[in-house]
Q: 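Encoded as structure tokens, here's the structure I'll be asking about.
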Amino acid sequence: MDQPLPNLPKLSLPRIVIIGAGFAGLKLARKLKNKNYQVILLDKNNYHQFQPLFYQVATAGLEPSAISFPLRKVFHNTPNVTFRMAEAQRIDQEKNRVYTDIGYLDYDYLILAMGADTNYFGMKNIMENSVPMKSVSEALFIRNKIISNYERAINIADLDKRKALMNVVIVGGGPTGVELAGAMAELRNKVFPMDYPQLNFDNMKVVLIEMGPSLLAGMSASSGQKAKEYLESLKVDVMLNTAVENYDGLNVIINGEEKLKTNTLLWAAGIAPNGIEGIVDTQKFKNGRLLVDEFNLVHNSKNIYALGDLCLQQLPDYPKGHPQVAQVAIQQADNLANNFLGQLKGKAPKAFRYKDLGSMATVGRKLAVVDLPFIKFQGILAWLTWLFVHLMAILGVKNRIFIFLDWSWNYLAFDPSLRLLIRPTYVKPKDREELIEDKT
């Protein structure tokens with residue numbers, strides 16, 4: 001829109017506009033609360049999403065509200081920080097201006113923290129027929145789809161059609177794929193047989209497909225191997241060195257052959273940075289990530305910064321860039337916030353240095369792997385560590401209590417109570433723009 005964004009506070013402070021309220025954008029905005037900057041935070045949703053637990057929403061372990069936190073609540077009584085639910089469309093680097101779907105606004109500093117979306121590697125059929133999991137909405141869609149499949153399967157006499165509805169194929173052997181496969185296997189082994197006693201769950205396959213030679217490629221070889229053993233103990237079919245070539249909504253094509261039949265292919269095989277119009281080619285790497293220096297300043301820019309999954313910061317210790325994980329985004333945001341605060345005192349900015357705090361993944365109840373800088377361990381202790389770390393990372397005391405109660409009940413009863421098929425009602429055309437996210 002070519003009209004200025006209305007109802008913004010008029011403050012005589014340098015204005016920092018942050019696009020994206022993920023781990024990086026929210027960390028930066030929170031650290032600049034009540035400081036001598038005007039901060040405008042933009043996001044297409046009015047809540048922060050805790051991505052590491054999407055898979056638990058998808059498998060009915062947690063309710064969506066437990067891993068979502070309203071952004072406006074974060075900034076109560078914070079006059080220098082303003083949130084607007086808006087979708088940034090393009091930037092004008094010469095005018096220092098951001099154009100959104102609700103108006104434009106000018107900036108002194110612009111922070112790009114839009115994160116990444118699903119990468120289908122140019123495979124159109126897979127993009128159209130598989131299901132991604134990069135938002136709470138998508139995780140809830142997966143939950144609805146899986147439950148709907150079983151409600152349909154129990155009313156189908158044809159065995160082949162029933163198997164296709166029951167089978168779940170997951171592509172991508174990173175933490176998301178491993179955790180999703182483990183959770184789906186536990187539902188099949190323990191929960192669904194109680195809900196659908198007339199179905200034979202020996203007919204249901206949970207398959208995890210990974211193109212590389214091991215699972216959890218970003219972690220240690222021992223953790224990857226142990227995760228594979230855990231999944232196989234849960235009766236997950238793990239296929240390594242295997243690439244999915246096509247999927248038509250029913251047939252999974254591998255090496256030119258129809259290897260599997262499923263109505264549910266969950267795609268967790270890669271991510272692609274979210275872009276924005278107005279960034280020139282010289283500021284981007286060939287994969288779309290924005291090139292930044294050691295201060296996260298975008299190349300050939302004086303006042304545009306990029307954080308997290310969106311940026312590529314080539315430093316001596318990380319010539320190919322940092323791993324696209326939450327800790328990198330959070331630490332980059334923390335360093336940039338310190339540099340902004342130091343600038344007010346005339347201090348020189350400090351270069352970003354990533355501190356690897358470790359990696360972890362859970363496979364199932366009492367099954368997890370943890371890689372810390374000083375030790376690697378697996379099993380129930382790793383599982384308890386995973387629970388504690390993720391619980392403490394959630395925003396809001398209420399959310400932590402809800403998640404703790406859900407986890408406690410699920411552990412004791414092994415019967416998650418969120419297996420509800422809540423189908424969206426039809427949205428009239430006149431209301432679609434406000435109520436439905438456009439994924440094109």
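By convention here, the first residue in the shown sequence is residue 1. Every heavy atom of this structure was used, including side-chain atoms; hydrogens, water molecules and symmetry mates were not.
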Q: If only atom types and distance count, is the side chain of Glu245 paired as donor or acceptor with the main-chain N or O of Ile254 below 3.5 Å?
A: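 Checking the backbone N and O of Ile254 against the side chain of Glu245, no donor-acceptor pair under 3.5 Å is found.
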
Q: Is the side chain of Glu138 donor-acceptor paired with the backbone N or O of Lys134 at a distance under 3.5 Å, no angle test?
A: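 The answer is yes, because a donor-acceptor pair under 3.5 Å joins these two groups.
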
Q: Is there side-chain contact between Met114 and Ile276, with at least one heavy-atom pair below 4.5 Å?
A: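 Of all side-chain heavy-atom pairs linking Ile276 with Met114, at least one is under 4.5 Å.
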
Q: Ignoring hydrogens and angles, tell me if any N or O in the side chain of Asp101 forms a donor-acceptor pair with the backbone of Glu87 under 3.5 Å.
A: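 Looks like yes, one N/O pair under 3.5 Å.
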
Q: Nearest 0.5 Å please: distance from the NZ atom of Lys286 over to the CG atom of Asp281.
A: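 Going from NZ on Lys286 over to CG on Asp281, the span is 14.5 Å.
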
Q: Distance-only, no hydrogens or angles: does the Ser223 side chain make a donor-acceptor pair with backbone N or O of Met219 under 3.5 Å?
A: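 No, because the side chain of Ser223 does not come within donor-acceptor range (under 3.5 Å) of the backbone of Met219.
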
Q: Please confirm whether the backbone N or O of Gln331 pairs with a side-chain atom of Asn335, one donor and one acceptor, at under 3.5 Å?
A: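 Such a contact is absent between Asn335 side chain and Gln331 backbone.
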
Q: Parallel, tilted or perpendicular: which one describes the rings of Tyr305 and Tyr109, with boundaries at 30° and 60°?
A: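 Tilted.
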
Q: Is any side-chain heavy atom of Tyr318 closer than 4.5 Å to a side-chain heavy atom of Pro323?
A: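 Contact flag for Tyr318/Pro323 side chains = yes.
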
Q: Which atom pair, heavy atoms only, marks the closest approach of Ala29 to Leu41?
A: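 For Ala29 versus Leu41, the nearest heavy atoms are CB-CD2, 4.4 Å.
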
Q: Could you check if a side-chain atom of Ile403 sits within less than 4.5 angstrom of a side-chain atom of Asp406, using non-hydrogen atoms only?
A: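 Not touching, per the 4.5 Å side-chain cut-off.
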
Q: Are the side chains of Phe83 and Asp43 in touch, meaning some heavy atoms are under 4.5 Å apart?
A: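 Phe83 reaches Asp43 side chain to side chain.
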
Q: Judged by atom type as modelled, is there a donor-acceptor pair below 3.5 Å linking the side chain of Gln51 to the main-chain atoms of Ser135?
A: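 No; judged by distance alone, with no hydrogens or angles, the pair does not exist.
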
Q: About how many Å separate CD1 of Ile154 and CG of Leu165, when rounded to the nearest 0.5 Å?
A: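 CD1 of Ile154 is found 12.0 Å from CG of Leu165.
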
Q: Can you find a heavy atom in the side chain of Val298 that is under 4.5 Å from one in the side chain of Leu291?
A: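 They are not in side-chain contact.
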
Q: What I want to check is whether the side chains of Thr264 and Asn149 have a donor and an acceptor closer together than 3.5 Å.
A: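 Side chains of Thr264 and Asn149: pair found under 3.5 Å.
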
Q: Checking side-chain polar atoms at under 3.5 Å, does Ser359 have a donor or acceptor matched by the opposite partner on Asp371?
A: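 Asp371 and Ser359 do not have a side-chain donor-acceptor pair below 3.5 Å.
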
Q: Could you verify whether a donor N or O on one side chain and an acceptor N or O on the other, from Ser220 and Ser222, lie under 3.5 Å apart?
A: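 Indeed, the side chains of Ser220 and Ser222 share at least one donor-acceptor pair under 3.5 Å.
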
Q: How far does OG of Ser137 sit from CD1 of Ile142, to the nearest 0.5 angstrom?
A: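 Taking OG in Ser137 and CD1 in Ile142, the distance rounds to 11.5 Å.
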
Q: Kindly give the heavy-atom pair with the smallest separation between Phe295 and Pro349, and that separation in Å.
A: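 Heavy-atom minimum between the residues: CE2-O, 3.6 Å.
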
Q: What distance separates Leu110 CG from Ile16 CD1, expressed to the nearest 0.5 Å?
A: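 The CG atom of Leu110 sits 10.5 Å away from the CD1 atom of Ile16.
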
Q: How many angstroms lie between atom CD1 of Ile170 and atom OG1 of Thr262, to the nearest 0.5 angstrom?
A: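 Ile170 CD1 to Thr262 OG1: 9.5 Å, rounded to 0.5 Å.
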
Q: Regarding Asn246 and Asn125, do their side chains bring together a donor and an acceptor under 3.5 Å, going by distance alone?
A: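 There is such a pair (donor and acceptor under 3.5 Å, judged by atom type) between the side chains of Asn246 and Asn125.
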
Q: Roughly how far, to the nearest 0.5 Å, is the CG atom of Leu42 from the OG1 atom of Thr100?
A: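 Separation between the atoms: 6.5 Å.
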
Q: Looking only at heavy atoms, which two atoms of Met184 and Ile146 are closest? And how far apart?
A: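 Distance-wise, the nearest heavy atoms are SD-CD1, 3.5 Å.
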
Q: Give a yes or no on whether the ring-centroid distance for His322 and Tyr354 is below 6.0 angstrom.
A: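 Yes, the ring of His322 comes within the 6.0 Å limit of the ring of Tyr354, centre to centre.
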
Q: Between Val136 and Pro64, which heavy-atom pair has the shortest distance, and what is it?
A: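 Closest pair (atom of Val136, atom of Pro64, distance): CG1-CB, 3.6 Å.
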
Q: So with a 6.0 Å cut-off around CZ of Phe404, is the heavy-atom count from everything else above 12?
A: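 No, not enclosed.
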
Q: Any luck finding a side-chain donor-acceptor pair between Gln313 and Asn296 under 3.5 Å?
A: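 Yes - a donor-acceptor pair under 3.5 Å links their side chains.
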
Q: Which atoms form the tightest heavy-atom contact between Glu179 and Thr362, and what is the distance?
A: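 Here Glu179 and Thr362 meet closest at CG-O, 2.9 Å.
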
Q: Can you tell me if Tyr196 and Glu151 form a side-chain donor-acceptor pair at under 3.5 Å?
A: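 Side chains of Tyr196 and Glu151: pair found under 3.5 Å.
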
Q: Using a 4.5 Å cut-off on heavy atoms from C-beta on, say whether the side chain of Leu28 contacts that of Leu32.
A: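 In short, these two side chains touch, coming nearer than 4.5 Å.
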
Q: Check whether any side-chain heavy atom of Val81 sits under 4.5 Å from a side-chain heavy atom of Val74, and report yes or no.
A: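 Sidechains of Val74 and Val81: no contact.
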
Q: Can you tell me which residue among Val171, Val178, Thr242, Val169 is in a side-chain contact (heavy atoms from CB on, under 4.5 Å) with Leu208?
A: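 Of the listed residues Val171, Val178, Thr242, Val169, the side-chain contact (heavy atoms from CB on, under 4.5 Å) partner of Leu208 is Val178.
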
Q: Are the side chain of Arg143 and the backbone N or O of Thr59 linked by a donor-acceptor pair below 3.5 Å?
A: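 Not at all, since once roles are kept as given, no pair shorter than 3.5 Å links the two residues.
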
Q: Please confirm whether Lys226 makes a cation-pi placement over Tyr230, using NZ or CZ under 6.0 Å from the six-membered ring centre and within 45° of the ring normal.
A: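 Yes, Lys226 sits over the ring of Tyr230.
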
Q: Please confirm whether Arg90 makes a cation-pi placement over Tyr99, using NZ or CZ under 6.0 Å from the six-membered ring centre and within 45° of the ring normal.
A: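 Verdict for Tyr99: a cation-pi partner in Arg90.
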
Q: Between Asn251 and Lys261, is there a side-chain donor-acceptor contact under 3.5 Å, judged purely by atom types and distance?
A: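 A donor-acceptor contact under 3.5 Å links the two side chains.
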
Q: Output yes when Asp334 and Lys31 qualify as a salt bridge under the 4.0 Å nitrogen-oxygen rule, no when they do not.
A: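 The answer is yes: the pair qualifies as a salt bridge.
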
Q: Would you check if there is a donor-acceptor pair between the side chains of Glu229 and Gln378 at a distance under 3.5 Å?
A: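 Looking only at side-chain atoms, Glu229 and Gln378 do not form any donor-acceptor pair under 3.5 Å.
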
Q: Run Ile279 and Lys284 through side chain to side chain contact (heavy atoms under 4.5 Å, CB included) and show every step you take.
A: CA-CA 8 Å; Ile279 295 292; Lys284 293 186 289 188; 3.6 Å; yes

Q: Is the centre of the Tyr150 ring less than 6.0 Å from the centre of the Phe192 ring?
A: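 Tyr150 vs Phe192: aromatic centres under 6.0 Å.
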
Q: For Glu210 and Gly172, which heavy atoms make the closest approach, and how far apart are they?
A: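 For Glu210 and Gly172, the tightest heavy-atom pair comes out as OE1-C, 3.7 Å.
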
Q: Kindly determine whether Glu186 and Arg365 satisfy side chain to side chain contact (heavy atoms under 4.5 Å, CB included), including the steps that lead there.
A: CA-CA 8 Å; Glu186 290 196 321; Arg365 191 165 72 153; 3.5 Å; yes

Q: Quick check on Arg30: does its CZ atom have over 12 non-hydrogen neighbours (other residues, nucleotides or ligands) under 6.0 Å away?
A: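 Not buried by this count: 12 neighbours or fewer within 6.0 Å.
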
Q: Using a 4.5 Å cut-off on heavy atoms from C-beta on, say whether the side chain of Leu26 contacts that of Leu71.
A: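 A side-chain contact under 4.5 Å exists here.
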
Q: Do side-chain atoms of Arg188 reach the backbone of Leu234 as a donor and acceptor pair under 3.5 angstrom?
A: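 Checked: pair present.
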
Q: Can you confirm whether more than 12 heavy atoms, excluding those of Met211, are under 6.0 Å from its CE atom?
A: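 Open: at most 12 neighbouring heavy atoms sit under 6.0 Å from CE of Met211.
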
Q: Has Gln56 got a side-chain atom pairing as donor or acceptor with Gly61's backbone, closer than 3.5 angstrom?
A: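 Not at all, since once roles are kept as given, no pair shorter than 3.5 Å links the two residues.
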
Q: Could you check whether any side-chain N or O of Gln324 sits under 3.5 Å from a backbone N or O of Asp309, counting only pairs where one atom can act as donor and the other as acceptor?
A: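 Yes.
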
Q: Verify the distance criterion only: is there a donor paired with an acceptor across the side chains of Ser68 and Ser65 at less than 3.5 Å?
A: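 Side chains of Ser68 and Ser65: no pair found under 3.5 Å.
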
Q: Hey, can you tell me if His390 and Phe50 have their rings parallel, tilted or perpendicular (30° and 60° cut-offs)?
A: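 Judged by the thresholds at 30° and 60°, the geometry between His390 and Phe50 is perpendicular.
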
